[in-house]
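Okay, structure first, notes after.
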Number of protein chains: 2
Amino acid sequence: MSFPAHYERPPEHPRGRRDGEGTRERLLEVAAAHISAAGFHKMSIASVAKDAGVSQSGLLHHFRSKAALLSAVLEQRESEDNLFLFGDGEVPLGWDAFDALVSLSARNSTRPEMVQLFVRIAAEATDPAHPAHDWLARHYSGLRAWLSDAIDRGIAEGTMKEELPKAATISTAIAVLDGLQQQWVLDSEAVAMTGGVRAYVRGLKMLWGIGPESS
Amino acid sequence: MSFPAHYERPPEHPRGRRDGEGTRERLLEVAAAHISAAGFHKMSIASVAKDAGVSQSGLLHHFRSKAALLSAVLEQRESEDNLFLFGDGEVPLGWDAFDALVSLSARNSTRPEMVQLFVRIAAEATDPAHPAHDWLARHYSGLRAWLSDAIDRGIAEGTMKEELPKAATISTAIAVLDGLQQQWVLDSEAVAMTGGVRAYVRGLKMLWGIGPESS
DNA sequence: AGGAACCAACCGACTGCTCGGTCGGGCAAT
DNA sequence: ATTGCCCGACCGAGCAGTCGGTTGGTTCCT
């Protein structure tokens with residue numbers, strides 16, 4: 001066995017002249033780090049390429065433009081999050097959805113760079129001309145739709161009160177997530193992110209829960 | 001009348017050789033608009049100067065650097081907000097403080113550019129090297145201190161329950177403000193900003209209020 | 001088996017542009 | 001004559017993206 005370990009992997013795709021897949025992934029990783037540290041506008045593709053050990057042209061071989069690089073980063077991160085939230089194929093509804101928000105927050109507290117990335121993009125992409133604007137809009141409308149279904153289910157199955165102010169609760173729950181992330185990124189000592197989300201959800205259950213949930 | 005309209009403005013203050021004070025204020029106004037539209041990093045002082053009707057060098061006469069311009073903008077906006085919140089010399093405490101947050105939100109919903117400005121700066125200035133980083137940190141710690149006093153007072157005067165989770169409530173209340181602003185800036189149709197804040201505060205009162213407040 | 005053709009994966013040099021900031025003035029009111 | 005206000009010309013740095021390569025594994029033809 002004189003071959004390096006990765007040669008032993010099953011061939012899968014008859015892939016790769018040199019190591020296209022590998023550098024592509026490294027580029028995505030480094031790009032995410034740079035965006036989260038500097039923002040998309042301030043980040044330069046040259047520095048990303050340098051840190052990933054390729055030339056700028058090498059980067060542009062894999063991603064046709066700076067915007068394309070951003071899209072790829074966002075797409076990857078989102079699919080990771082969706083896998084975490086809905087990975088088992090079963091979308092959590094009712095109070096389970098709000099509990100899932102708490103776990104999401106807990107998970108995020110172990111990946112500060114990811115939170116940074118989102119905080120930055122969320123603010124930058126407010127501009128309709130920003131390359132991630134559409135992505136962000138879809139992100140929020142997707143979240144809202146999910147929580148809307150979750151509340152409908154909760155009411156239907158009798159675990160949530162009908163008087164629950166739906167629209168306001170949905171927006172506010174998302175705001176709590178995002179706003180706590182923002183403060184946490186600025187000063188992770190001063191703010192207990194997950195604790196805040198958990199306390200908020202507990203409050204929701206006390207106000208609008210029915211049965212054992214509302215304890 | 002062959003002169004453009006702005007030449008006809010009355011001299012008002014006879015001060016300054018030409019009109020130092022006036023252009024300075026125009027610059028601040030235009031700068032705020034540009035920052036809120038593009039973010040601080042992407043904004044260029046040349047374009048600000050142009051829109052304000054002076055040369056770039058003219059701008060740099062009034063503000064020694066781009067960062068100095070930002071500081072001046074933030075300082076002005078914050079003093080306006082403080083005037084609105086605490087203008088009468090009496091700092092609102094107890095539930096009055098949370099009601100003040102609702103009014104602040106209502107006021108903000110009439111000044112979208114101002115909200116944009118804050119959303120952008122709050123995300124950018126996360127970076128410790130950002131010129132507004134210290135300002136932002138002070139902004140948050142000031143808010144937290146105020147709300148902390150407010151809750152202490154509420155408990156002391158018997159309008160808030162002692163079990164109220166203080167730290168979490170403070171951070172979460174601020175998060176609701178900021179997070180709803182973020183969503184509102186992205187899509188002011190889809191989100192009822194002030195309504196969300198009001199509903200949140202109402203929930204707080206139901207959970208932790210004592211007496212007629214908790215209806 | 002051997003070689004030609006092909007193509008993904010890079011690289012270095014370069015272009016056109018924008019940026020924040022400097023410098024040496026001019027002009028008008030005091 | 002000084003001082004506050006403002007300008008045009010300019011500079012060096014950094015930017016995203018283009019262009020014309022080279023390299024080396026893969027594939028197909030003989």
Side-chain angles (χ1 to χ4, degrees), chain A residues 3-4 6-7 9-28 30-31 34-35 37-73 124 127 129-132, chain B residues 6-7 9-28 30-31 34-35 37-73 124 127 129-132:
Chain A
F3 293 117
H6 63 275
Y7 271 87
R9 279 198 230 153
E12 306 183 17
H13 296 258
R15 58 157 82 218
R17 314 313 163 94
R18 239 164 297 173
D19 187 23
E21 200 73 7
T23 48
R24 206 191 124 95
E25 268 168 36
R26 250 169 37 240
L27 283 167
L28 281 175
V30 174
H34 279 226
I35 294 173
F40 174 68
H41 287 311
K42 212 188 171 192
M43 169 196 90
S44 80
I45 56 174
S47 65
V48 171
K50 194 176 154 199
D51 282 13
V54 292
S55 70
Q56 177 173 337
S57 318
L59 183 156
L60 287 166
H61 167 74
H62 290 281
F63 307 96
R64 275 190 288 187
S65 68
K66 198 188 180 188
L69 176 58
L70 174 63
S71 296
V73 168
E124 279 187 1
D127 178 3
H130 193 281
Chain B
H6 61 274
Y7 272 88
R9 280 197 225 152
E12 307 186 13
H13 298 256
R15 64 160 70 227
R17 312 311 158 98
R18 240 164 293 174
D19 186 22
E21 198 73 7
T23 48
R24 204 190 125 95
E25 270 167 36
R26 250 169 35 241
L27 283 167
L28 282 175
V30 173
H34 280 227
I35 294 172
F40 175 67
H41 286 312
K42 210 189 172 192
M43 168 197 90
S44 79
I45 56 173
S47 64
V48 171
K50 194 177 154 197
D51 282 12
V54 292
S55 71
Q56 177 173 338
S57 317
L59 184 155
L60 286 165
H61 166 72
H62 291 281
F63 307 96
R64 275 190 287 184
S65 70
K66 198 187 180 188
L69 175 59
L70 175 63
S71 296
V73 168
E124 278 188 1
D127 176 4
H130 193 283

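The analysis underlying the following values was restricted to heavy atoms, covering all of them including side chains, and did not include hydrogens, waters or symmetry mates. To find a chain, count down the sequence lines: A is the first, B the second, and so on, and within it residues start at 1.
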Rounded distance (nearest 0.5 Å) linking atom [atom1] of [X] with atom [atom2] of [Y]:
| X | Y | atom1 | atom2 | value |
| --- | --- | --- | --- | --- |
| L27(B) | H34(B) | CG | NE2 | 10.5 Å |
| L28(B) | R26(B) | CG | CZ | 11.0 Å |
| M43(B) | H41(A) | CE | NE2 | 13.5 Å |
| E124(A) | K42(B) | CD | NZ | 8.5 Å |

> In the 5'-to-3' direction, what one-character label does each nucleotide of nucleotides 17-23 of chain C receive under the scheme B = base within less than 4.0 Å of a protein heavy atom, S = sugar-phosphate only, - = no such atom?
Replying inline: --SBBB-

Spacing of [X] atom [atom1] relative to [N] atom [atom2], expressed in whole Å:
| X | N | atom1 | atom2 | result |
| --- | --- | --- | --- | --- |
| F63(B) | dC6(D) | CZ | C1' | 14 Å |
| R26(A) | dC10(C) | CZ | C1' | 12 Å |
| K50(B) | dC6(D) | NZ | C1' | 18 Å |
| E25(B) | dC5(D) | CD | P | 13 Å |
| L69(A) | dC15(D) | CG | P | 15 Å |

>> Between H61(A) and dC10(C), is there a contact of a side-chain N or O with OP1 or OP2 at under 4.0 Å?
In response: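 No, no such contact exists.
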
>> Below the 4.0 Å mark, does dC6(D) have OP1 or OP2 next to a side-chain nitrogen or oxygen of H62(B)?
In response: yes

>> Against H62(A), only a single residue in L69(A), T23(A), V54(A) fulfils side chain to side chain contact (heavy atoms under 4.5 Å, CB included); can you say which?
In response: T23(A)

>> Tell me every residue that passes side chain to side chain donor-acceptor pair (under 3.5 Å) with S44(A), counting only those two or more places apart in sequence or in another chain.
In response: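 Expected list: S47(A).
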
